[in-house]
Amino acid sequence: MAAKDRHISPYSLREKVARLLWAIVQSTLFKYSFHTWNRYRILLVNLFGGSVKYSCVIRRTAKIECPWNLIAGDNVCIGDYAIVYCLGKIMIGDRVSISQYAHLCAGTHDYADESMPLKRLPITICEDVWIAADSFVGPGVTIGEGVVLGARGVAVKNLDSNGIYAGNPAQLVKKRSDRN
C-alpha cells in the first residue's frame, strides 16, 4: 500500500483520548443524572472545555460531541435527544431553545477532494432563536437573531434575523411581527 493511500485521521491523539473520555462520561455520569441536575451536566461539559452558562438547561438525553467546541450563552435550552455535533465551534447566543431531536452539525467532508477530508465549519446561532423539533442546522450556517426554524426545517444556508423559516431547504415563511 502506498503512503498516499493510507488513511490519516483528522484527529490528534489528544483529541482522540478526549473524545473517548467524554464518551464514557456522557454515556454514564451525564446520561444517568437526575433530570433536574442541569448544573451538574453543565459542569461536566465545562470540565471538558465547554463554555456553557449555568442558567442553561441541558437535558440528560442530549448528545454533545466534542464539548470543548460548545459555547452557550444565558438561558439556552438543549432539549431531549438533541444532537450537538461540535466538530467545529458551535456558538449559541442568549435565550435560545434547541428543541427535542434537533441536530446541529458543525462538520462535513469536502466531496470535491477524492480523499474527502473533514471540514469543521462553525455554526453561529444568535440571540432569541428557536430551533424547533427535529430541525437540522448544517455546517457553516449562521442563524440570525430572533429566527424561528420550524419543526423539521433544514437550514443549510444562513437565515436572516427575525424570520420564520420552514421546509427543506428552509425558506422564509414570514417576518416576525412581534419583533421590531
Side-chain angles (χ1 to χ4, degrees), residues 10 19 22 26 30 38 41-42 44-46 48-112 117-180:
R19 290 180 79 181
W22 172 249
Q26 181 161 317
F30 187 97
N38 294 299
R41 288 187 290 277
I42 291 165
L44 293 175
V45 169
N46 289 345
F48 275 82
S51 179
V52 178
K53 300 287 179 86
Y54 283 97
S55 60
C56 295
V57 171
I58 301 177
R59 302 296 292 171
R60 65 184 178 181
T61 56
K63 295 282 287 178
I64 300 170
E65 186 70 30
C66 302
W68 46 89
N69 286 328
L70 177 60
I71 300 167
D74 285 315
N75 301 308
V76 169
C77 180
I78 300 175
D80 280 311
Y81 303 100
I83 298 170
V84 185
Y85 199 59
C86 306
L87 297 187
K89 288 281 185 199
I90 294 183
M91 296 155 285
I92 303 172
D94 298 339
R95 299 172 305 280
V96 171
S97 181
I98 310 294
S99 291
Q100 65 275 16
Y101 296 99
H103 188 159
L104 309 179
C105 182
T108 189
H109 295 273
D110 183 358
Y111 63 85
L118 179 65
K119 294 173 70 175
R120 302 176 191 209
L121 303 174
I123 291 173
T124 302
I125 300 175
C126 297
E127 296 181 347
D128 302 310
V129 169
W130 177 21
I131 307 297
D134 220 15
S135 295
F136 177 84
V137 178
V141 171
T142 296
I143 306 291
E145 184 177 330
V147 163
V148 174
L149 177 58
R152 295 204 167 176
V154 177
V156 292
K157 293 184 180 177
N158 296 346
L159 303 184
D160 294 332
S161 296
N162 300 319
I164 299 172
Y165 293 84
N168 179 6
Q171 300 292 319
L172 180 65
V173 174
K174 67 178 187 175
K175 285 293 201 175
R176 289 186 61 184
S177 60
D178 59 326
R179 296 185 55 88
N180 294 328

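Keep in mind that the numbers below use all heavy atoms, side chains included, and drop hydrogens, waters and symmetry copies.
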Colleague: Quick check: are there more than 12 heavy atoms from other residues, nucleotides or ligands sitting under 6.0 Å from NZ of K175?
Modeller: yes
Colleague: Rounded to the nearest 0.5 Å, what separation is found between the SG atom of C126 and the CD1 atom of I92?
Modeller: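 Taking SG in C126 and CD1 in I92, the distance rounds to 11.5 Å.
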Colleague: Quick one: does any side-chain atom of T61 pair with a main-chain N or O of Y81 as donor and acceptor, under 3.5 Å?
Modeller: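 Here the side-chain-to-backbone pair exists.
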Colleague: To the nearest 0.5 Å, tell me how far F136 CZ sits from L104 CG.
Modeller: 9.0 Å
Colleague: From L70 CG over to I64 CD1, what is the distance, rounded to the nearest 0.5 angstrom?
Modeller: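 So the gap between those two atoms works out to 5.5 Å.
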Colleague: On a heavy-atom basis, which atom in P139 and which in T108 lie closest, and how many Å separate them?
Modeller: CG-CB, 3.8 Å
Colleague: Contact between Q26 and E65 at the side-chain level, heavy atoms closer than 4.5 Å - yes or no?
Modeller: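 Heavy-atom side-chain distance check fails, nothing below 4.5 Å.
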Colleague: Please confirm whether the backbone N or O of Q100 pairs with a side-chain atom of D80, one donor and one acceptor, at under 3.5 Å?
Modeller: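 A pair under 3.5 Å: no.
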Colleague: Output yes when a side-chain donor or acceptor of S97 lies under 3.5 Å from a complementary backbone atom of A132, and no otherwise.
Modeller: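 It does not hold such a pair.
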Colleague: Got a sec, which pairs hit salt bridge (Lys or Arg N to Asp or Glu O under 4.0 Å) with one end in residues 132-145, sequence neighbours left out?
Modeller: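 Qualifying pairs: D134-R152, E145-R179.
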Colleague: Is N69 reaching over with its side chain to a backbone N or O of C86, donor-acceptor style, under 3.5 angstrom?
Modeller: yes
Colleague: Is a side-chain donor or acceptor of N75 paired with a backbone partner of D94 at a separation under 3.5 angstrom?
Modeller: no
Colleague: Should we say atom OH of Y111 is surrounded by more than 12 heavy atoms from elsewhere, each under 6.0 Å from it?
Modeller: no
Colleague: Compare every heavy atom of V129 with every heavy atom of G146, then report the nearest pair and how far apart it is.
Modeller: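 Where G146 meets V129 most closely, the heavy atoms are N-CG2, 3.9 Å.
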Colleague: Return the minimal non-hydrogen interatomic distance between I131 and A102, and the atom names on each side.
Modeller: CG2-CB, 4.1 Å
Colleague: To the nearest 0.5 Å, tell me how far I164 CD1 sits from R176 CZ.
Modeller: 6.5 Å
Colleague: Could you state the interatomic distance from CZ (R41) to SG (C56), rounded to the nearest 0.5 Å?
Modeller: 12.0 Å
Colleague: In Å, rounded to the nearest 0.5 Å, how long is the span from CH2 of W22 to CH2 of W68?
Modeller: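 The CH2 atom of W22 sits 9.0 Å away from the CH2 atom of W68.
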Colleague: Going through the checks in order, is the side-chain contact (heavy atoms from CB on, under 4.5 Å) test met by L118 and H109?
Modeller: CA-CA 5 Å; L118 179 65; H109 295 273; 4.0 Å; yes
Colleague: Apply side-chain contact (heavy atoms from CB on, under 4.5 Å) to residues Y165 and D160 and explain how you reach the verdict.
Modeller: CA-CA 9 Å; Y165 293 84; D160 294 332; 3.5 Å; yes
Colleague: Which heavy atom of V156 sits nearest a heavy atom of P169, and at what distance?
Modeller: CG2-CB, 4.2 Å
Colleague: What pair of heavy atoms forms the shortest contact from L149 to V154, and how long is it?
Modeller: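 Heavy-atom minimum between the residues: CD1-N, 4.3 Å.
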Colleague: Do you know which two heavy atoms are closest between C66 and L87, and how far apart they sit?
Modeller: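 Scanning both residues, the minimum pair turns out to be SG-CD2, 4.0 Å.
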Colleague: Using modelled atom types only, decide if a donor and an acceptor are shared between the side chain of T124 and the backbone of M91 within a distance under 3.5 Å.
Modeller: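 No, the answer is negative, given that no donor and acceptor are paired below the 3.5 Å cut-off.
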Colleague: Hey, does I98 have a side-chain heavy atom less than 4.5 Å from the side chain of I125?
Modeller: yes
Colleague: The criterion is salt bridge (Lys or Arg N to Asp or Glu O under 4.0 Å); which residues satisfy it with R60, sequence neighbours excluded?
Modeller: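 Testing R60 for salt bridge (Lys or Arg N to Asp or Glu O under 4.0 Å), a comparison that skips the adjacent residues, returns none.
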